[in-house]
Each structure stands twice: as structure tokens, then as C-alpha cells.
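Working notes, beginning with the structure itself.
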Amino acid sequence: MHAYRLFGQHDLRLVDEPDLPLKPGEARLRMAHVGVCGTDLHYYYAPDNAGIDRPRHIGHELSATVIEVAPDVTSVDVGDRVAVFPLLSCGACGECRAGYPVSCEQVDRKVSTVGCGAPIGGLAEHTVIPSDLAMRLPDSVTLLQGALIEPLAVATAAVLRSQLSKDSVAVVTGAGLIGSGCALALRASGVSKVVVVELSEERRKSLAEVEGLTILDPVNDDVVGIVRSLSGGSGADAVFECAGSPKAMDLAFSVARNRGRLVIIGLHERPYRMNTLLALFKELTIQGHSAYSRAAFETVIAWMDQGLLPVERWVTRVAFDRIVEDALEPSRQGQLIKAVIDIPQTENHR
């Protein structure tokens with residue numbers, strides 16, 4: 001089978017690899033779509049001295065069809081359409097029992113996520129995974145949507161953790177897929193006042209199609225004044241920082257109300273110098289957020305089934321042989337909201 005493997009900075013190669021034999025508890029998948037994540041960009045563009053183990057497989061936002069299962073597998077069947085929950089974990093430690101497999105006490109997360117250090121990844125014609133990582137999709141959810149569940153689960157988990165009420169005011173900085181997903185998840189969870197702040201005119205226009213959002217330009221709009229007006233003068237109950245930029249963090253501190261919550265989701269390439277006095281005097285809660293639970297995956301699938309997360313409208317589909325030119329490079333330059341790779345649908349896996 002054909003699979004991509006990253007050998008070094010700017011060195012992504014299509015190689016021919018044998019299909020792995022199935023072990024007990026495993027399922028073989030014919031990959032359908034793979035979303036491009038900021039993590040993939042980091043792996044591809046990071047210099048060779050950045051401490052990233054290479055060669056490695058990449059691709060962790062996955063949808064697929066089950067084409068083979070081990071004899072002991074009962075959770076999925078051949079022909080099932082699935083999304084992949086990519087976090088390998090023991091399932092028994094305190095963190096796993098609490099619903100946080102990303103913090104599993106028994107695995108090294110650097111090598112224990114499908115497509116992010118694990119010996120398996122999705123940017124291939126086929127892959128083999130533990131069958132309990134395959135989550136069935138309802139008939140109403142397409143395989144293209146299935147490849148968007150993982151990043152949307154990040155956004156959804158952040159929204160669910162914030163425990164906002166329908167009368168809350170929420171601000172989202174950055175309208176990539178995670179930020180847009182946060183905005184849609186906030187609406188799906190019942191929050192009535194959602195403000196999205198985005199520098200890109202193209203991204204603002206794409207979100208303007210979504211009912212019930214206030215879309216602002218941080219350069220030309222009075223973001224602080226508008227948020228205060230929407231909130232009766234108090235400010236945002238929660239700010240979801242999805243841009244990963246110092247200016248967005250500065251704005252988050254400015255628009256948050258006293259005793260508000262700052263949820264940091266965007267990946268910052270450099271350390272941010274925080275005004276601790278402002279956090280102190282406003283008595284802010286600062287919450288980091290990077291992952292999700294199975295419950296968040298299930299919530300995303302349920303919301304997709306109800307038509308509440310129409311994010312596929314923002315997807316740019318990319319051919320398997322054009323990943324660098326049409327996905328990685330324009331994503332790096334901020335030209336795309338979400339690139340998704342279409343995987344060739346070959347039948348032979350022996």
C-alpha cells in the first residue's frame with residue numbers, strides 16, 4: 001500500500017509499505033479522508049534539530065471504512081463507516097477512568113497518538129488500529145464530516161468544560177476550524193451571544209453565513225466596546241483564544257469580564273508574556289485546553305447528526321498527490337480554513 005512518511009523538514013515522501021498483519025483486538029481501515037492539523041504543519045516545517053522523531057507517519061484527523069477485523073472484535077464490523085478516536089491509552093488508570101485518555105498515566109503521549117508519534121498514521125491507503133478507537137458514524141454523517149470530528153471535539157470539549165449558560169456572552173478569537181468549531185459548539189450548546197473576532201476578511205465572510213454570530217474585524221471594529229454593549233457593560237463571560245497570537249491574547253484579557261474565563265486553545269509558537277496583575281485584579285480563571293474525551297467525540301457526532309455543525313462548507317479537498325502544494329503550504333500561509341486530503345479508494349490490502 002502507499003503511505004506518506006515524514007523523513008525531515010520539508011521531506012514528506014510517498015512510500016510503498018506492506019500492510020500490517022492484524023493482531024487480536026484490531027481492525028483494518030481503508031482510509032477515506034484525513035484533515036490537516038496545525039500539528040502536522042509543525043512536524044513538516046520544524047527544523048531537523050527541533051527534537052521531533054523522524055521518520056514518522058502523520059495524519060490523526062481520520063475517517064475510514066472498516067475492511068477487516070480480527071476474530072475477537074465485536075465493536076465494529078466490516079463495512080462500517082467510522083471516525084478514529086486517535087488517543088492510545090490504557091483505559092484503566094485514574095486519568096482514563098476520569099475520561100481524560102490524553103493524560104493516560106501508562107503511556108508516553110509523544111508516541112501514543114495515531115498520526116502523532118505512534119507507529120501508525122492516517123495519511124495512507126490503509127491503516128490498522130485497536131478496534132475500540134473506531135467510532136461508528138450514523139447514516140446522516142458523511143465520511144468527509146467524519147474527518148472533521150477530531151478537531152471539532154477539541155472545540156466542543158472546551159465549550160462543555162466552560163459550563164456557560166444560555167445567557168452568557170462568549171468571545172472566540174480566530175476563525176480557523178477550531179475557532180469556527182467553538183462558535184458553532186457554543187450555539188449548539190445554547191449560548192445566545194457569541195462573538196467571533198477574525199483578522200481575515202475571507203474567514204469573516206464564510207462565518208457570516210452562520211445565523212446568530214457577531215463577526216468582528218479586530219482592526220476596524222471596536223471589539224471591546226461591542227462586547228461590553230452585548231453584555232450590559234460587564235464583558236465576556238468566557239473568551240476562547242483560538243488564534244495562537246499575542247495580540248489575540250491581549251484582546252482576550254481586555255474583553256473578559258471580572259471573574260471571567262480565558263480558555264487557551266490556539267498554539268502559540270513563542271511564550272506569551274502575561275500581565276499577571278490584570279489577571280489578579282480581574283480575578284480571571286485561565287484554562288488551558290488541548291484535547292477531548294470520548295464523550296466530546298460522541299457529542300460532536302450527535303450534533304452533526306442533528307445538522308448543528310455544518311463545517312464541511314469550509315473544507316478545501318486536496319488530492320493525495322498534492323498534499324504539500326495544495327494543503328500544507330496554503331494552510332501554513334493562512335489561506336485555508338481546513339484542508340482535507342482525499343485518500344484513493346483502493347481495494348487490495350493483501
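In what follows, residues are counted from 1 in the order of the sequence shown.
A salt bridge links R136 to D77: one of the charged nitrogens lies within less than 4.0 Å of a carboxylate oxygen. For R261 and D237, the salt-bridge test fails: no basic side-chain N is under 4.0 Å from an acidic carboxylate O. Salt-bridge check for K338 with E61: passed, with a basic side-chain N closer than 4.0 Å to an acidic carboxylate O. Salt-bridge annotation for E198 and R204: absent, with no side-chain N of the basic residue lying under 4.0 Å from a carboxylate O of the acidic one. Between K205 and E201 a salt bridge is recorded (basic side-chain N to carboxylate O distance below 4.0 Å). A salt bridge links E209 with R313: at least one charged nitrogen is closer than 4.0 Å to a carboxylate oxygen. Salt bridge status for D53 with K110: absent, with no side-chain N to carboxylate O gap under 4.0 Å.
Looking only at atom types and distance, the side chain of H57 has a donor-acceptor partner in the side chain of E17 under 3.5 Å away. Side-chain contact annotation: H289 with R161, donor-acceptor N/O pair under 3.5 Å present.
A cation-pi arrangement, defined by a distance under 6.0 Å to the six-membered ring centre and an angle within 45 degrees of its axis, is absent between R13 and Y4.
When hydrophobic clusters are built by joining Ile, Leu, Val, Met, Phe, Trp and Tyr residues whose side-chain heavy atoms come closer than 4.5 Å, directly or via intermediates, L41 is grouped together with I341.
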**Message:** Before you tell me yes or no, could you show the steps for E68 and H126 under side chain to side chain donor-acceptor pair (under 3.5 Å), namely the whole-Å CA-CA distance, both residues' side-chain angles and the distance that decides it to 0.1 Å?
**Reply:** CA-CA 11 Å; E68 187 180 4; H126 309 129; over 6 Å; no

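Listed by first then second residue, pairs satisfying ring-ring contact (aromatic ring centres under 6.0 Å, His included) with a partner in residues 18-55 read H10-Y44, H10-Y45, not counting sequence neighbours.
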